[in-house]
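So the structure is just underneath, and the comments pick up after that.
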Amino acid sequence: MKGIERVGIVSRVDEEGAMELAMRLYDHLLKAGIKAIPESDFARRKGLQGGRSLSNMGDVDLVVTVGGDGTVLKACMLLPNPETPILAINMGRRGYLTEVDPEDAIPAIDKCLRNECFIERHSKISIFVNDEYVIDALNDALIAPAIPSKMLTFEVYQDYQSIIKMRADALIVATPTGSTAHSLSAGGPIVDPSLNAFLLTFICPLDPVGSIVVSAEKELDIKVPSPAIKTVIIADGRYERELKQSSKISIRPSRHKAAFVRFQKPFFMKNLPNIASRGKRE
């Protein structure tokens with residue numbers, strides 16, 4: 001990474017330790033002659049001037065997140081330039097999307113400033129409802145009843161051909177990156193992020209069926225013909241929208257990719273042993 005002049009600082013604000021580390025990073029960047037821009041919630045809690053919402057950080061060269069995977073997903077969803085590189089510091093529980101631990105945060109920033117890193121890009125999905133663009137997601141889209149005790153019938157098509165019709169509590173459509181998240185907890189496979197694929201994982205299906213992996217080169221269409229049951233779609237656990245009766249949900253590869261700062265092994269190679277052992281335990 002060359003020519004870093006402006007860096008956004010995003011911290012989870014429900015943990016004092018995360019905000020204290022974010023403050024140290026903020027001060028370190030200022031001393032290095034870099035314009036550090038705190039995210040607005042973090043700035044307000046720490047009394048910093050010049051705070052901005054993530055949606056107003058379109059001019060930053062790098063975003064540093066201090067938190068867990070949720071903080072990373074928040075940044076990926078809200079940044080106006082979706083391919084802004086993200087350096088993720090792990091202050092969460094698992095931190096599969098993060099790159100370094102807190103004790104390595106300042107050295108990691110210094111490496112970025114010296115261009116001693118590389119960028120790893122991860123595919124995202126674009127979600128459409130009745131052919132209207134809704135939002136992009138890095139991990140997954142969850143289609144579920146608004147009332148958890150209800151089941152839905154899912155009709156899944158690709159290139160106008162029926163793939164499967166299934167009754168289940170919910171359906172997850174995940175990216176390969178998202179295969180290590182909600183989909184894995186529901187019994188889905190771990191998929192190399194370099195593959196161009198969609199994962200279909202049903203939650204508590206009426207009939208036994210494993211996850212289905214299909215090519216992402218063709219649009220995926222999902223219909224839920226259950227007009228009496230309110231249905232919602234949730235993207236990356238952050239964005240939620242209630243669907244009207246007989247809506248068509250379409251999943252397409254996004255034109256944009258998430259960009260993560262890496263120093264050694266790519267995400268998949270670094271995290272595979274821990275992810276695989278988690279799958280065995282659960």
Side-chain angles (χ1 to χ4, degrees), residues 1 54 62-63 65 68-88 94-99 117-129 131-143 156-159 163 171-186 188-201 211-222 233-239 249-272 274-276 279:
M1 294 182 61
L54 273 164
L62 172 70
V63 168
T65 64
D69 291 341
T71 310
V72 176
L73 293 171
K74 175 183 175 181
C76 286
M77 185 169 285
L78 297 180
L79 281 169
N81 178 0
E83 300 199 17
T84 301
I86 295 172
L87 171 61
R94 289 198 172 102
Y96 288 128
L97 295 174
T98 60
E99 179 64 9
C117 59
F118 65 95
I119 300 299
E120 182 179 74
R121 302 187 187 278
H122 286 233
S123 297
K124 303 168 75 174
I125 54 174
S126 290
I127 301 168
F128 294 77
V129 175
D131 297 321
E132 176 189 351
Y133 172 75
V134 175
I135 202 164
D136 276 10
L138 173 63
N139 269 357
D140 53 46
L142 171 69
I143 305 166
V156 184
Y157 301 85
Q158 195 166 43
D159 199 21
I163 294 177
L171 171 61
I172 304 165
V173 182
T175 65
T177 300
S179 72
T180 63
H182 196 181
S183 176
L184 180 62
S185 297
I190 300 167
V191 179
D192 187 331
S194 67
L195 297 180
N196 187 25
F198 297 135
L199 286 77
L200 304 172
T201 303
S211 293
I212 302 170
V213 181
V214 298
S215 169
E217 294 182 0
K218 299 176 182 178
E219 178 178 311
L220 199 67
D221 294 322
I222 302 159
I233 185 165
I234 302 171
D236 280 350
R238 302 198 58 83
Y239 173 90
I249 304 101
S250 299
I251 307 294
R252 306 172 190 171
S254 173
R255 294 184 295 109
H256 303 288
K257 293 189 176 184
F260 294 105
V261 174
R262 303 297 187 211
F263 299 105
Q264 294 180 349
K265 294 180 180 179
F267 160 84
F268 185 66
M269 295 174 62
K270 181 182 74 171
N271 287 297
L272 183 57
N274 291 333
I275 296 169

All heavy atoms of S211 vs all of P189, minimum pair found to be CB-CD, 3.4 Å
With the side chain counted from C-beta on, respond yes when P82 and D136 share a heavy-atom pair under 4.5 Å apart, and no when they do not.
no
Pairwise distance CG(L138) to SG(C76) - rounded to 0.5 angstrom:
5.0 Å
What closest approach, in Å, do I212 and V214 show between heavy atoms, and which atom pair accounts for it?
CG2-CG1, 3.8 Å
Within the structure provided, determine whether I127 and I251 are in side-chain contact (heavy-atom separation under 4.5 Å).
yes
Show your reasoning for whether side-chain contact (heavy atoms from CB on, under 4.5 Å) applies to L195 and V213.
CA-CA 11 Å; L195 297 180; V213 181; over 6 Å; no
For the residue pair I119 and P85, establish whether any side-chain heavy-atom pair is separated by less than 4.5 Å.
yes
N/O donor-acceptor pair under 3.5 Å between D221 side chain and Y157 backbone:
no
If you take all heavy atoms of P176 and S179, which pair is closest and at what distance?
O-OG, 2.6 Å
S254 side chain reached by I125 side chain, heavy atoms, under 4.5 Å
no
Determine yes or no for a side-chain-to-main-chain donor-acceptor pair under 3.5 angstrom, with Q158 supplying the side chain and K218 the backbone.
yes
Would T65 and L97 satisfy side-chain contact (heavy atoms from CB on, under 4.5 Å), going step by step from the backbone distance to the final call?
CA-CA 11 Å; T65 64; L97 295 174; over 6 Å; no
Enter the distance from D69:CG to K74:NZ here, rounded to the nearest 0.5 Å.
14.5 Å
Nearest heavy atoms of F263 and V261, plus distance in Å
CZ-CG1, 3.8 Å
Roughly how far apart are I233 CD1 and L142 CG, rounded to 0.5 Å?
8.5 Å
Residue pair I190 / L184, side-chain heavy-atom distance below 4.5 Å
yes
Taking the side chain as everything from C-beta on, heavy atoms only, tell me whether L200 gets closer than 4.5 Å to V173.
yes
To the nearest 0.5 Å, what is the distance between NZ (K124) and NE2 (H122)?
12.0 Å
Residues which pass salt bridge (charged side-chain N to carboxylate O under 4.0 Å, His left out) with E83, listed by chain and number, not counting sequence neighbours:
R121
May I ask you to decide if A235's main-chain N or O and D140's side chain share a donor-acceptor pair within less than 3.5 Å?
no
Can any side-chain N or O of T175 pair as donor or acceptor with the backbone N or O of N139 at less than 3.5 Å?
yes
When rounded to the nearest 0.5 angstrom, what is the spacing between CG in L73 and CG in D236?
4.5 Å
Has E99 got a side-chain atom pairing as donor or acceptor with F260's backbone, closer than 3.5 angstrom?
no
Pair L220-I163, side-chain contact (heavy atoms from CB on, under 4.5 Å): steps then yes or no
CA-CA 10 Å; L220 199 67; I163 294 177; 3.9 Å; yes
Any residue meeting ring-ring contact (aromatic ring centres under 6.0 Å, His included) with F198, in chain and number order, not counting sequence neighbours:
none
Can you tell me how far the CE atom of M77 sits from the CG atom of L54, to the nearest 0.5 Å?
12.0 Å
